[in-house]
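If you scroll down you'll find the structure; I have some questions about it.
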Protein chains: 2
Amino acid sequence: MYAYTAQSLKAELNERGWRMTPQRETILDAFQHLDEGKHLSAEDLHECLEQTGQGISLSTIYRTLKLMARMGILRELELAEGHKHYEINRPYPHHHHHLICVKCNKTLEFKNDTALKAGVRQAEKEGYHLLDCQLTIHAVCPSCQRSIVPI
Amino acid sequence: MYAYTAQSLKAELNERGWRMTPQRETILDAFQHLDEGKHLSAEDLHECLEQTGQGISLSTIYRTLKLMARMGILRELELAEGHKHYEINRPYPHHHHHLICVKCNKTLEFKNDTALKAGVRQAEKEGYHLLDCQLTIHAVCPSCQRSIVPI
DNA sequence: CCCTTAATGATAATTGATGCCGATAGTGTT
DNA sequence: AACACTATCGGCATCAATTATCATTAAGGG
Ligand SMILES: [Zn+2]
Ligand SMILES: [Zn+2]
Ligand SMILES: [Zn+2]
Ligand SMILES: [Zn+2]
């Protein structure tokens with residue numbers, strides 16, 4: 001969980017016999033310039049890059065998101081919309097968690113070092129190499145509690 | 001997050017103008033008798049009930065799992081296999097979290113009251129009605145760290 | 001017991017994600 | 001700088017998990 005640059009990503013890829021490509025750099029760059037609190041799905045990213053004239057095929061987007069998540073560069077989030085979202089995996093003290101309303105899908109971010117430390121400690125204890133640690137809260141937000149809409 | 005019975009489920013459903021059905025009771029019962037550490041997908045549950053002669057259509061299974069998750073009776077888990085898993089949402093001190101190897105999908109359960117409390121406190125602070133709180137750790141297990149298989 | 005309508009079951013449709021393959025282009029080497 | 005090797009790309013076909021549809025059934029309140 002450290003901050004990646006195009007250079008350090010290339011180094012890590014080459015070390016494993018893999019390659020740096022313009023597409024991978026573009027995608028890393030997109031996430032590095034994404035505002036805190038924003039999360040992109042594969043489709044989101046695809047459209048977003050299309051609009052800035054940096055179009056990348058959807059296949060490559062899916063492949064790269066999965067690759068970067070498994071390298072620990074991106075966090076794979078299961079919010080409440082039926083598909084994965086991604087954000088860059090910033091180290092402490094930027095690390096945060098998510099509070100999700102299951103009715104309206106509104107998502108709040110919050111920080112909690114205790115939970116983070118608990119995750120780090122548990123991974124260490126079991127000898128696991130940590131990639132990401134997220135405290136996810138499913139709940140009903142105040143306005144949805146008042147609404148009469150079923151479930 | 002309290003322990004449901006067929007009676008209390010019926011009461012809560014009726015209160016919202018919904019109905020208790022044999023299928024819903026069967027599914028609640030299946031999860032209540034599931035060993036700790038077991039997680040079922042919709043397909044798993046479908047086959048499992050089929051074998052004990054309590055067959056329920058897959059449509060109803062999907063509908064009921066989603067309903068119960070949104071009522072807070074079941075926890076919806078995003079493990080590492082591309083489809084959702086469910087388990088009953090037991091209150092403290094049975095409440096637990098998951099440590100997942102992203103390479104082999106092996107999943108360990110562990111308890112951590114600190115993380116649970118942090119989640120409860122955060123939900124309260126924002127005025128959210130808590131349904132579930134899970135600390136999910138994505139990592140690489142010791143044996144997968146030694147393996148040469150790419151990512 | 002009856003009426004209203006929520007819920008079921010069977011099937012079709014959707015869709016997020018992956019597999020495939022010929023074409024392209026990084027990387028290490030000569 | 002040119003080359004060889006092969007990882008990666010783009011476009012498209014495919015898969016599998018989930019959702020939508022709708023006629024039929026049955027729960028629950030009066
Ligand atoms: Zn976030
Ligand atoms: Zn809400
Ligand atoms: Zn569990
Ligand atoms: Zn593993």
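Since the model is a prediction, treat every value here as computed from it, not as a measurement. Values below: every heavy atom of this structure, side chains too, minus hydrogens, waters and symmetry copies. Residue numbering restarts at 1 for every chain, and letters A, B, ... go by the order of the sequence lines.
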>> Below 4.0 angstrom, which residues in residues 43-55 of chain A have at least one non-hydrogen atom near DNA chain C?
In response: none

> In whole Å, what is the span from the NE2 atom of B:His83 to the P atom of D:dA17?
Replying inline: 6 Å

> When the distance from CZ of A:Arg63 to C1' of D:dG10 is rounded to whole Å, what number comes out?
Replying inline: 8 Å

>> Regarding D:dG11, can its base be found pairing with the side chain of A:Ser59 as donor and acceptor, where the two atoms are less than 3.5 Å apart?
In response: yes

> Heavy atoms under 4.0 Å, any strand shown: does B:Leu58 hit a base, just sugar-phosphate, or nothing?
Replying inline: nothing

>> What is the distance, to the nearest angstrom, from the CD1 atom on A:Ile61 to the P atom on D:dC9?
In response: 10 Å

> D:dT6 phosphate, OP1 or OP2: any side-chain N/O from A:Arg19 under 4.0 angstrom?
Replying inline: no

>> Expressed as a whole number of angstroms, how long is the span from B:Arg16:CZ to D:dG29:P?
In response: 16 Å

> Does A:Gln23 put a side-chain nitrogen or oxygen below 4.0 Å from OP1 or OP2 of D:dG10?
Replying inline: yes

>> Rounded to whole Å, how long is the line connecting atom CH2 of A:Trp18 with atom C1' of D:dC9?
In response: 17 Å

>> Any donor-acceptor pair under 3.5 Å linking the side-chain atoms of B:Glu109 with those of B:His39?
In response: yes

> Listed by chain and number, what are the side-chain hydrogen bond (donor to acceptor under 3.5 Å, both in side chains) partners of B:Asp29, not counting sequence neighbours?
Replying inline: B:His33

>> In the structure I gave you, are the side-chain heavy atoms of A:Leu77 and A:His98 within less than 4.5 Å of one another anywhere?
In response: yes

>> Determine whether a donor-acceptor pair (N or O, by modelled atom type, separation under 3.5 Å) exists between the side chain of B:Lys103 and the backbone of B:Cys144.
In response: yes

> Want to settle it: does B:Gly82 or A:Met20 sit nearer the 5' end of DNA chain D, counting the closest nucleotide to each?
Replying inline: A:Met20

> Do the ring planes of B:Phe31 and B:Tyr86 sit parallel (below 30°), tilted (30 to 60°) or perpendicular (above 60°)?
Replying inline: perpendicular

> Roughly how many Å is it from CG in B:Leu65 to C1' in D:dT19, rounded to a whole number?
Replying inline: 14 Å

> Atom CD of A:Glu25 to atom P of D:dT8: distance rounded to whole Å?
Replying inline: 15 Å

> So, B:Glu12 versus B:Asn14: side-chain donor-acceptor pair below 3.5 Å or not?
Replying inline: no

> What residues form a salt bridge (charged side-chain N to carboxylate O under 4.0 Å, His left out) with B:Glu87, not counting sequence neighbours?
Replying inline: B:Arg75

> Just how far, in rounded Å, is P of D:dA26 from CG of B:Asn14?
Replying inline: 18 Å

>> Tell me which pairs pass side chain to side chain donor-acceptor pair (under 3.5 Å) where either residue lies in residues 118-131 of chain A, with sequence neighbours left out.
In response: none

Contacts table for residues 111-119 of chain B: side-chain donor-acceptor under 3.5 angstrom, sequence neighbours left out:
| unit_1 | atom_1 | unit_2 | atom_2 | d |
| --- | --- | --- | --- | --- |
| B:Lys111 | NZ | B:Pro93 | O | 3.3 |
| B:Asn112 | OD1 | B:Thr114 | N | 3.1 |
| B:Asn112 | OD1 | B:Ala115 | N | 2.8 |

>> Using the side-chain heavy atoms of A:Thr21, tell me which of these nucleotides is nearest: D:dG10, D:dT18, D:dT8.
In response: D:dT8

> On DNA chain C, which is the earliest and which the latest nucleotide, 5' to 3', with an atom closer than 4.0 Å to a heavy atom of chain A?
Replying inline: C:dG16 to C:dT27

